[in-house]
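Have a look at the structure below before the remarks.
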Amino acid sequence: MKINAPKGTQDILPEQALIWQWVEKQVREVFRVYNYGEVRTPIFEHTELFARGIGETTDIVEKEMYTFLDQGGRSITLRPEGTASVVRAFLEHNLAAKTGVTKLFYFGPMFRQEKPQAGRFRQFHQFGVEVLGENSPLIDAEVIAMATEIYRRLGLDALEVRLNSVGCPVCRANYRQALLDHLTPRSGELCASCQRRLVQNPLRVLDCKSPVCQGITAEAPQLDQYLCEDCASHFAAVRRYLDAMGVVYMIDSRLVRGLDYYTKTVFEVVYQGLGAQNAVCGGGRYDGLVQQCGGPPTPGIGFAAGVERLIITLEKQGKLPELSGAPQVYLSVLGDAPKLKAFEIAQNLRAQGIRTELEYAGRSLKAQMKTADKLNAALVLILGEDELARETIVLRNMKKGEQREVPWRELVTVIQEELG
RNA sequence: GUGGGCGUAGCUCAGUUGGUCAGUAGCGCCAGGUUGUGGCCCUGGAGGUCAUGGGUUCGAGUCCCAUCGCUCACCCCA
């Protein structure tokens, strides 16, 4: 029986991997200039971390986690997101003591047991940042600007930044009550899922796609009218800074993200061309999370961006870069006698940093040339018995279709010239 | 977890109302047309239990059911 990759997972083959490497390089460069340090946390954690950090009643914790008992009977969970782990590491190593503000980024796989669809996988990859210990709205604006900078750098356009504020626990509670007062009398008209949301997380009714529910919530009180003075002025400052930096965004008062820990600023970057799963990046402020994870009161803000969705967007926009995995040199060998010498030459070229492929099987020259052509090798070297006797090798420039015989000792220099 | 669509060679797919239907198809792969030379062209070749298991029928890739897989959407999210 043939074994396939588990549902919702995928192999990234060499050709695709070039794109991944390129994306990762660009992303890392942005993080570098913004002075973020990388943190690599385990991909599994004690289940309790996510339960407490993300929120017991979120969909992620309730039904999407890969959880199992290890040999010692401890409950372990494959991380469904990055923030909880980063906060855990931040506290565990007391990073707050090292600098006033801690700016971290991560890049790696996440796991959620959902039914796969376009742009959604069970193992998917995110990069993201977390800033811990900074209250200033300036950092909110910087984090959002940095996210847009990444997409700009990758050449993407037509992305939209959606921005909102969900307030703090105090003003959100007030709003929640006001919303309940408005919705409860009309609960019978809401769609089935919203009737459930009304009990579990009323704010989520706001971003229901059902026209009926949208109609009802259109007349509902607006969250921004309930923000307390601190939250309102923070939100205003964030917008002011974004305006000043020239970041284009739209206020989306229905934007209420699904994770419990968000406070004040929330935002998403979406690309409409992606279908139902159109968010390429989501984040916000989480001023209560560190404390909830057992640390001192510490403000935090961050975002997470999906790599698969980013690459799909690149594809849809035709922005994939031209990347080559071709060898620079293909070394053809004719007959048995030159084999060892050919291997020596190949090893020498590799030591010089020249990407070199070697014929292993001893096929006909024609077959070897075809392979070299297929691999898109820039140069082909041919070593047969004649060349072996003369201590030379034939060097063929595949693009020009020209070739000449080169003494072994000049080979590296000549190749470097040919490769430009 | 719920619903829709799909499942024929490595890939992209033909395959007519069930009766040589298993394709001379394209690309790819291998070999040959050159004794030591690619891209174009020509010739030949390998490769499929038509996802799997039942059923209907004289007869099923073609109809029905189930299972599995893929896919899209809902839920939710990156």
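Because only heavy atoms are used, hydrogens play no part in the values below, and waters and symmetry mates are left out as well, while side chains stay in. So that the names make sense, note that chain A is the first sequence line, chain B the second, and so on, each numbered from 1.
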Looking at [options], which one has an atom nearest to any side-chain atom of [X]?
{"X": "A:K374", "options": "B:C29, B:A78, B:U37", "result": "B:C29"}
{"X": "A:E387", "options": "B:C72, B:C75, B:G36", "result": "B:G36"}
{"X": "A:L334", "options": "B:G36, B:C74, B:A78", "result": "B:G36"}

How far does the [atom1] atom of [N] sit from the matching atom of [M], given to the nearest Å?
{"N": "B:C63", "M": "B:C75", "atom1": "P", "result": "33 Å"}
{"N": "B:A31", "M": "B:G39", "atom1": "P", "result": "13 Å"}
{"N": "B:U16", "M": "B:U2", "atom1": "P", "result": "34 Å"}
{"N": "B:C70", "M": "B:A51", "atom1": "C1'", "result": "10 Å"}
{"N": "B:G61", "M": "B:U52", "atom1": "C1'", "result": "14 Å"}
{"N": "B:A9", "M": "B:U49", "atom1": "C1'", "result": "13 Å"}
{"N": "B:G48", "M": "B:A22", "atom1": "C1'", "result": "8 Å"}
{"N": "B:G36", "M": "B:C27", "atom1": "C1'", "result": "30 Å"}

Could you tell me whether [X] and [Y] make a salt bridge, using a distance below 4.0 angstrom between a side-chain N and a carboxylate O?
{"X": "A:R404", "Y": "A:E418", "result": "yes"}
{"X": "A:K63", "Y": "A:D59", "result": "yes"}
{"X": "A:K370", "Y": "A:D373", "result": "no"}
{"X": "A:K103", "Y": "A:E134", "result": "no"}

Between [atom2] on [N] and [atom1] on [X], what's the gap in Å once rounded to a whole number?
{"X": "A:Q113", "N": "B:G1", "atom1": "CD", "atom2": "P", "answer": "8 Å"}
{"X": "A:D386", "N": "B:U35", "atom1": "CG", "atom2": "P", "answer": "16 Å"}
{"X": "A:Q368", "N": "B:G38", "atom1": "CD", "atom2": "P", "answer": "12 Å"}
{"X": "A:F105", "N": "B:A78", "atom1": "CZ", "atom2": "P", "answer": "20 Å"}
{"X": "A:I150", "N": "B:A78", "atom1": "CD1", "atom2": "P", "answer": "16 Å"}
{"X": "A:R122", "N": "B:C77", "atom1": "CZ", "atom2": "C1'", "answer": "14 Å"}
{"X": "A:E405", "N": "B:U37", "atom1": "CD", "atom2": "C1'", "answer": "14 Å"}
{"X": "A:E24", "N": "B:A78", "atom1": "CD", "atom2": "P", "answer": "20 Å"}

Original post:
Do the rings of A:F303 and A:F31 sit parallel, tilted or perpendicular, given the 30° and 60° boundaries?
Top reply: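 If you compare the ring of A:F303 with that of A:F31, the planes turn out tilted.
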
Only pairs with both distances under 3.5 Å count, Watson-Crick or wobble alike; so what is the partner of [N] in this structure?
{"N": "B:U20", "answer": "none"}
{"N": "B:G3", "answer": "B:C72"}
{"N": "B:C27", "answer": "B:G10"}
{"N": "B:G32", "answer": "B:C42"}
{"N": "B:U52", "answer": "B:A66"}

**OP:** Using the side chain to side chain donor-acceptor pair (under 3.5 Å) rule, pick out the option among A:E359, A:E357, A:Q368 that qualifies with A:Y330.
**Re:**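 Exactly one pass, corresponding to A:E359.
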
Just checking [X]: base, sugar-phosphate only, or nothing, at a heavy-atom cut-off of under 4.0 Å?
{"X": "A:G128", "result": "nothing"}
{"X": "A:E64", "result": "sugar-phosphate"}
{"X": "A:L310", "result": "nothing"}
{"X": "A:A372", "result": "nothing"}

Original post:
Can you check whether A:Y36 and A:F105 have ring centres sitting under 6.0 Å from each other?
Top reply: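 Ring centroids of A:Y36 and A:F105 are no less than 6.0 Å from each other.
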
So which protein N/O to nucleotides 39-41 of chain B N/O distances come out below 3.5 Å?
residue : atom : partner : partner atom : Å
B:G39   : O4'  : A:D373  : OD2          : 3.2

Is the base of [N] touched by the side chain of [X] through a donor-acceptor pair closer than 3.5 angstrom?
{"X": "A:Q117", "N": "B:C75", "result": "yes"}
{"X": "A:R120", "N": "B:C72", "result": "no"}
{"X": "A:Q403", "N": "B:U37", "result": "yes"}
{"X": "A:R309", "N": "B:C77", "result": "yes"}

Original post:
Just checking, is any N or O donor in the side chain of A:R363 or A:T371 under 3.5 Å from an acceptor N or O on the other one?
Top reply: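 Looking only at side-chain atoms, A:T371 and A:R363 do form a donor-acceptor pair, the distance falling under 3.5 Å.
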
Subject >> Side-chain N or O of A:K115 closer than 4.0 Å to phosphate OP1/OP2 of B:C74 >> reply: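 For B:C74, OP1/OP2 do not have a side-chain N/O of A:K115 under 4.0 Å.
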
Original post:
With no hydrogens and no angle check, is any side-chain donor or acceptor of A:R309 less than 3.5 Å from a backbone partner on A:A279?
Top reply: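 Indeed, once roles are kept as given, a pair shorter than 3.5 Å links the two residues.
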
